[in-house]
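Taking it in order: structure first as structure tokens, then the write-up.
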Amino acid sequence: VPAERFSSRFRVLAARFEGRGAALAVASVALLGLLELGLHLYFSRAAPSLEQWSALKPVVARLAPSGTLVVASPRWAEPNARFAFGAELMPLGQVARADESGFEHALEVSILGEAASELRGWHLESEQREGAFVLRSWTNPQVSPVTYEFVDHLSPADATVSVLRAKGPAEPCPYGNGKVTNGDLGGHPTFPRKRFICSGAEWQMVGATVIEDQEYRPRRCIWAHPSNRGTLNVRFESVPIGARISGYGALPYLFERETHGTPIEVEVLVAGASVGRYQHLDGEGWKRFEFSTAAFAGQSQPVEFQVRSRVVRDRQFCFQASVR
Amino acid sequence: VSGTAPSRSATPRWACAIDPLIALGLFVGYLAALLLTAKGLGYARDEGFYFHAAGTYGKWFDLLLSNPSRALQAATVDRYWQENHEHPALMKSLFWLSQRLFDGKVFEPGTALRLPAMALSALAVSVTFVFGRRCIGRGAGVVAALSFALMPQIFYHSHLAAFDMPIAALWLFVVYAYHRSSKPGALGWAVLCAVLYGLALDTKHNSWLLPPALVVHALWLAGWRLYQRRRAARAPNAAQPAPLAARENALVRFSRWFPLAFISMPLLAPPLLYALWPWLWRDTLRRLIEYVQFHRLHVYYNMEYLGRTYFEPPFPRSYSWVMTLATVPAITLVLALCGGLYTCVTVWRSARTTHLDRDALDDPRSAHHWASLWLACIVASYFVWLFDDTPIFGGTKHWMSAYPFIALFAGQGFAWLTASLARSPGGERGVLRRAVPWAFGFCTLIGPFAMTWNSHPWGLTAYTPLVGGAPGAATLGLNRSFWGYTTGAVTGFLNERVGRGERVYLHDTTADSFHMLQRDGRLRGDIRPWPVVAGSKFALYHHEQHMSRVEYMVWVDYGTTAPAHVATFDGVPMIWVYERPTAARPPSVQAPP
């Protein structure tokens with residue numbers, strides 16, 4: 001089709017759109033262009049600015065007394081919330097929580113009509129609009145109060161760490177100040193200053209850190225990399241035993257997502273008696289365990305977490321546990 | 001606005017100057033826009049590597065000028081050119097040349113390094129117009145060029161001292177030269193096409209996808225020619241086709257069936273690649289194989305898509321087209337669809353004619369010729385992302401070579417719709433005929449313009465209203481950014497807040513990119529980049545889903561979850577900065593690796 005002939009065919013085809021058809025087509029496309037412009041202007045201004053977030057802090061502080069879980073929805077807005085509200089309203093223990101079951105109250109700060117999926121099933125107590133924000137106060141109908149959070153007691157006052165060898169005496173892991181290290185994107189999580197230091201490589205320590213789960217969400221937990229010399233034993237003295245011990249275990253997802261590693265086993269003992277075993281396979285992510293301790297309920301007993309793996313290479317295991 | 005190609009004999013002299021002026025205006029205008037906005041844009045991760053490589057290659061060029069015999073020794077060549085040899089040398093050599101010519105004299109250092117890629121991007125806008133002008137008319141060409149220029153991600157990538165826009169530009173140049181060489185006997189264009197393809201080969205490996213597109217196009221043309229001839233011969237009142245011109249020589253006759261570019265490209269392009277890439281001067285075959293294998297077996301990086309981070313196959317086959325829908329203005333895509341459909345119908349109708357027109361068969365300006373060429377380029381650009389083992393970590397930049405052709409179809413859609421309206425009753429009236437294309441053009445370009453304007457300097461986060469803009473994309477779990485370039489958006493905070501000589505953990509920004517901000521004077525020179533969180537006083541965090549673990553490292557190390565500064569785009573947090581609380585004693589320092 002030569003250019004000249006193309007032009008004539010162009011006219012033939014265009015003729016079919018003459019009159020209303022052509023006008024309608026042009027008007028529709030033009031309107032689409034303007035509609036897209038309008039929607040762009042709307043969406044680019046829809047989310048509140050940082051100044052608006054900051055201005056909300058007094059309201060949030062009033063609605064979220066100590067112990068109230070503060071949640072931002074959608075989840076991507078959380079950094080704005082942490083910037084505006086500060087660590088006092090969104091502390092590490094809440095932001096990197098194991099789950100929501102232990103919280104009785106939550107305050108949801110919602111924008112753009114979003115709702116927090118983790119609060120599904122909770123009872124809505126109140127809802128108020130503050131400019132671009134909707135603040136919802138929630139109550140957990142099935143709250144499972146935590147009476148003892150192990151990671152909060154990871155200090156010599158309450159805990160000891162040792163490596164139990166098959167032959168020979170246990171190797172104690174003294175508590176002390178270590179060098180704070182972190183491994184950048186492909187490396188290990190932050191090894192905290194205060195920690196139990198076992199002999200050997202740097203990763204042979206027990207301390208509180210934060211890892212990412214299978215959704216790359218933060219989880220605060222006890223670093224308990226299995227030892228190549230025996231079973232890692234994390235022992236808590238005088239734990240007020242309740243109905244059960246529940247928790248989660250995982251490796252930083254960057255390491256377990258390729259599902260190459262050797263399984264890790266955790267055995268939980270109360271007063272020297274095993275109450276349950278947990279096995280973690282790579283790829284399972286932040287996986288829950290729960291063991292009944294009803295036989296010891298009401299007593300104050302030592303609780304041990306014994307961590308082992310047949311091959312310990314890159315077994316960056318981390319667990320969270322609490323008494324309920 | 002017309003679908004008619006320009007006819008010089010019927011065109012007044014003044015009108016002949018319009019098209020070159022428009023082309024020049026588009027080039028200068030786009031280059032100026034890039035230069036004026038460059039200062040607000042941080043340096044991407046890969047730019048840092050290329051800056052360094054350009055500096056190393058530059059030392060070799062200096063040696064070549066001062067001591068050629070030593071520079072050309074095999075060991076010397078290898079020593080300098082082994083750096084970043086997984087990518088060809090052309091652009092890095094140009095980066096160095098531009099730095100040598102302009103650094104400190106005309107532009108800040110980083111902008112001087114970026115200039116060659118910016119110029120090629122601006123030239124691509126200009127050539128899109130020229131291509132469109134030739135095939136679909138002036139107004140359509142302008143709309144095509146602007147539709148291409150006003151794709152937000154194109155505007156972002158056009159700034160970078162990288163290879164993605166250069167290869168998209170060179171792809172377009174090669175196709176345009178090939179198009180011109182398709183006219184029987186156009187030997188000069190065939191040679192130019194080969195030279196340009198040699199430069200494309202020396203730019204990026206995407207160039208390997210172009211020859212299959214051209215071969216498919218040539219086969220289509222051959223099939224079309226045979227079909228038309230046979231159909232004309234079978235017609236009841238078939239007339240003898242017009243005789244070939246008496247003076248037509250063998251070259252012209254041959255080139256009717258076999259594009260001359262297919263001879264010139266294999267003859268000239270590989271030698272040009274070899275000549276311009278000294279790394280290949282020794283152990284050529286092994287190094288070429290290594291180069292091919294590096295990209296064929298490329299390591300998989302992480303990329304978030306619809307809330308999930310993909311780091312290994314299978315990758316979602318929907319990725320390329322969903323991301324295109326999410327990042328290219330819808331009005332451009334709708335116009336392209338209109339243009340594509342209209343062209344299909346036109347070609348289909350012409351296929352039913354029994355009149356054999358030799359000129360039509362061989363004229364590259366014929367719709368069956370250019371439309372199939374554009375379509376072949378689009379398909380070739382997207383084709384590999386239909387496989388589920390093709391890496392997706394670079395987002396839209398992988399298939400940007402398709403975008404000029406999508407824009408050209410958009411120009412065609414614009415031309416068709418305005419022509420339709422002009423032909424409608426009352427449409428011949430002067431005011432309507434003149435005003436409608438302008439008004440319609442305004443309506444189709446104002447949205448892309450606003451989106452592009454708003455997107456700077458957050459180009460990789462520029463999502464269209466189809467997915468709810470940047471906030472909607474964040475909710476859907478589409479990648480927010482990569483390459484750590486957003487450090488450029490927090491230089492003001494760092495200059496103001498960081499103490500003298502204090503350390504800043506750079507996260508995804510490379511040290512070379514950070515130093516370039518300092519050389520530009522955009523960041524204080526005493527601020528010390530630091531490779532790990534431990535031991536730093538400030539920590540940057542560039543959000544990517546899989547990188548969130550780095551933020552958690554900061555929380556534990558700094559003892560806070562509250563950033564000291566957040567830079568947002570349309571309310572979406574992009575990069576945030578942590579400051580180690582002064583109350584907490586900094587931990588013992590970990591030596592950088």
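Every chain is numbered from 1, with letters handed out A, B, ... down the list of sequences.
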Step-by-step side-chain contact (heavy atoms from CB on, under 4.5 Å) determination, A:Val29 to B:Phe440: CA-CA 8 Å; A:Val29 176; B:Phe440 187 49; 3.7 Å; yes

Donor-acceptor contact present, side-chain B:Arg549 to main-chain A:Gly187, <3.5 Å: yes

Among the listed options B:Ala474, B:Ser548, B:Gly469, the residue most often paired with chain A at heavy-atom distances under 4.5 Å: B:Ala474

Residues, nucleotides or ligands: over 12 heavy atoms within 6.0 Å of B:Phe442 CZ: no

Ring-face cation contact, B:Phe311 with A:Arg257, 6.0 Å cut, 45° max: yes

Pairs of heavy atoms under 4.5 Å with chain A: top-ranked of B:Ala470, B:Pro329, B:Cys338, B:Gly441: B:Pro329

Distance, nearest 0.5 Å, that separates CG of B:Asn302 from OH of A:Tyr216: 6.0 Å

Donor-acceptor contact below 3.5 Å, side chain B:Thr561 vs main chain A:Met90: yes

Options A:Val210, A:Leu35, A:Leu31, A:Ile211, ranked by heavy-atom pairs under 4.5 Å with chain B, top entry: A:Val210

Part of A:Ala208 lying under 4.5 Å from any heavy atom of chain B: backbone

Side-chain donor/acceptor of A:Glu36 to backbone N/O of B:Ala330, under 3.5 Å: yes

Shortest non-hydrogen contact between A:Phe43 and B:Pro465, atoms and distance: CE1-O, 3.5 Å

Most chain B-contacting option - heavy-atom pairs closer than 4.5 Å, from A:Ala47, A:Pro79, A:Ser73: A:Pro79

Residue among A:Gly38, A:Ala87, A:Gly183 with most heavy-atom pairs under 4.5 Å to chain B: A:Ala87

Trace of the side-chain contact (heavy atoms from CB on, under 4.5 Å) decision for A:Glu114 with B:Thr475: CA-CA 9 Å; A:Glu114 293 290 326; B:Thr475 303; 3.6 Å; yes

